[in-house]
Amino acid sequence: MRRYNSMRPPLNGSSVSVGIKNMEEEKKTIGVRGLLAVAVVLCLCSLAVSTEETKQKQLRLKENGEFKILQVADMHYADGKTTPCTNVLPSEKVSCSDLNTTAFLHRMILAEKPDLIVFTGDNIYAADATDAARSLDAAFSPAISASIPWAAVLGNHDQQSALSREGVMKHIVTLNHTLSQVNPAGVDLIDGFGNYNLEVHGVEGSGFENKSVLNLYFLDSGDYSKFPSISKYDWIKPSQQLWFQRTSLELQRAYMSKPEAQEAPAPGLAYFHIPLPEFTNVVNSSNYTGVKQEPISSASVNSGFFTTLVEAGDVKAVFNGHDHVNDFCGEYTGIQLCYAGGFGYHAYGKVGWARRARVVVATLEKTDEVSWGPLKSIKTWKRLDDQNLSTIDVQVLWSNNTPGGA
């Protein structure tokens, strides 16, 4: 797999920060930490916020002051009706296939009417796909046919076919209604494929119509470690963390500037496939909603990205897939860490435990009878692929009425 940057990541769990001219005045928590970071910044000096203006017009809070995101994790789509299901009841095996995954996505779209669908990796199980491009087309087809904006990141199985990791992402961005990007515009050196951000602007006609009141960050958490001495899964690299820091600062500056200057950053949400090691801290504290039914399969080293998120100060929640029978969501150091639970029927699951999806709703503050202000709250729940498409585990992830906003 071709990489834009082959830097070794730090293995001591510290965050990767960088000094940029006048950055101390902008964000005191970010300083110079080594010549390596400084060298990379020189490559990023011309970086602008990566989202294309033409795409931003598609993401806006609705007139009812809400914006709804449907997260779909681990579809593991392969060859359609010939692909068998995994971990289903014996009575379901004969008739179950990838088409059940497609049907579930159609049901979710009809029930929730999301404003954006986010696919958080392992969209296809490429090792079982005869034609990866056709499998990708089929996997995303419900979102495309419904004409709903959608975004995708890659997991550790998407590239296990004739299409490389770069090739998979380049195919995804050609599909209708996608807001996915291969990588940020103007960035020459960055690891992975599928690092980008999207802005969600306020209600049209309000004072926030030209400001992003909700920022969405998408990152490539990689597939498998490329270092023989480090086992298992990949991690978010320094170059990606630097891009995130710079992008977050640019968005915060814009939000806290006139007109409608705000005192605090707009809330952000981060989406990627492989969970961070800090998910273990959530479990150890028992401060979570949902279930943990398998080990947390994070990288065996800590690249410090969680610390980078904490330092940035805007991200309120992180959403992952990867571990299919975990669906919990809990707070650690001011950030909610959330699994979606497995969605696809060709993906491993648990017999008798329904496939599921996570929904997130951001709601604006009503300033008077006719005007909308900044975000008031972010809530989440899960839907099960059962007879009633049951809703479970409703919880508030963030509220601006809570001290500290958490």
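All values derive from a computational prediction rather than experimental measurement.
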Measuring centre to centre across the rings, with the benzene-like ring taken for any Trp, is [X] within less than 6.0 Å of [Y]?
X: Y332; Y: F306; answer: yes
X: Y271; Y: Y217; answer: no
X: F218; Y: F272; answer: no
X: F244; Y: F305; answer: yes

Hey, are [Y] and [X] close enough side-chain-wise for a donor-acceptor pair under 3.5 Å?
X: Q71; Y: T120; value: yes
X: E209; Y: W372; value: no
X: S212; Y: N215; value: yes
X: H273; Y: D220; value: no
X: Q240; Y: N195; value: yes
X: Q252; Y: S248; value: yes
X: Q336; Y: K316; value: no
X: H324; Y: D74; value: yes
X: S239; Y: W243; value: no

Practice task
Quick one: sort the H76 and Y125 rings into parallel, tilted or perpendicular, breaks at 30° and 60°.
Solution key: parallel
Practice task
Assign the ring pair Y233 / H322 to parallel, tilted or perpendicular, where the plane angle (0 to 90°) is split at 30° and 60°.
Solution key: perpendicular
For the [atom1] atom of [X] and the [atom2] atom of [Y], what is their distance to the nearest 0.5 Å?
X: D191; Y: S221; atom1: CG; atom2: OG; answer: 12.5 Å
X: S147; Y: N176; atom1: OG; atom2: CG; answer: 8.0 Å
X: N400; Y: K376; atom1: CG; atom2: NZ; answer: 8.0 Å
X: K382; Y: S390; atom1: NZ; atom2: OG; answer: 12.5 Å
X: I144; Y: T178; atom1: CD1; atom2: OG1; answer: 8.0 Å
X: F279; Y: L337; atom1: CZ; atom2: CG; answer: 4.5 Å

Practice task
Give the C-alpha distance, both sets of side-chain angles, the deciding distance and a yes or no for side chain to side chain donor-acceptor pair (under 3.5 Å) between N156 and Y224.
Solution key: CA-CA 7 Å; N156 52 294; Y224 301 96; 2.9 Å; yes
Give a yes or no on whether the backbone of [Y] and the side-chain of [X] come within a donor-acceptor separation of less than 3.5 Å.
X: D385; Y: M108; result: no
X: D327; Y: V291; result: yes
X: S300; Y: S231; result: yes

Tell me whether the NZ or CZ atom of [X] lies within the 45° cone about the ring axis of [Y] and under 6.0 Å from its centre.
X: R358; Y: Y339; result: no
X: K237; Y: W235; result: yes
X: R356; Y: W353; result: yes

Problem - Step-by-step salt bridge (charged side-chain N to carboxylate O under 4.0 Å, His left out) determination, K226 to D223 - result: CA-CA 9 Å; K226 306 302 184 293; D223 47 22; 2.6 Å; yes
Problem - Residue pairs involving residues 130-153 (criterion ring-ring contact (aromatic ring centres under 6.0 Å, His included); sequence neighbours excluded) - result: F119-F140, F119-W150, F140-W150
Completion exercise
Paired with D115, the salt bridge (Lys or Arg N to Asp or Glu O under 4.0 Å) test is passed by just one of K62, K68, R60, namely K62
Counting only pairs under 3.5 Å, give me each side-chain donor-acceptor contact of residues 258-267, with atom names and distances, residues two or more places apart or in other chains.
residue : atom : partner : partner atom : Å
Q262    : NE2  : E260    : O            : 3.0

Practice task
Please step through side-chain contact (heavy atoms from CB on, under 4.5 Å) for the pair L154 and M169, ending with a clear verdict.
Solution key: CA-CA 8 Å; L154 302 182; M169 205 67 211; 3.8 Å; yes
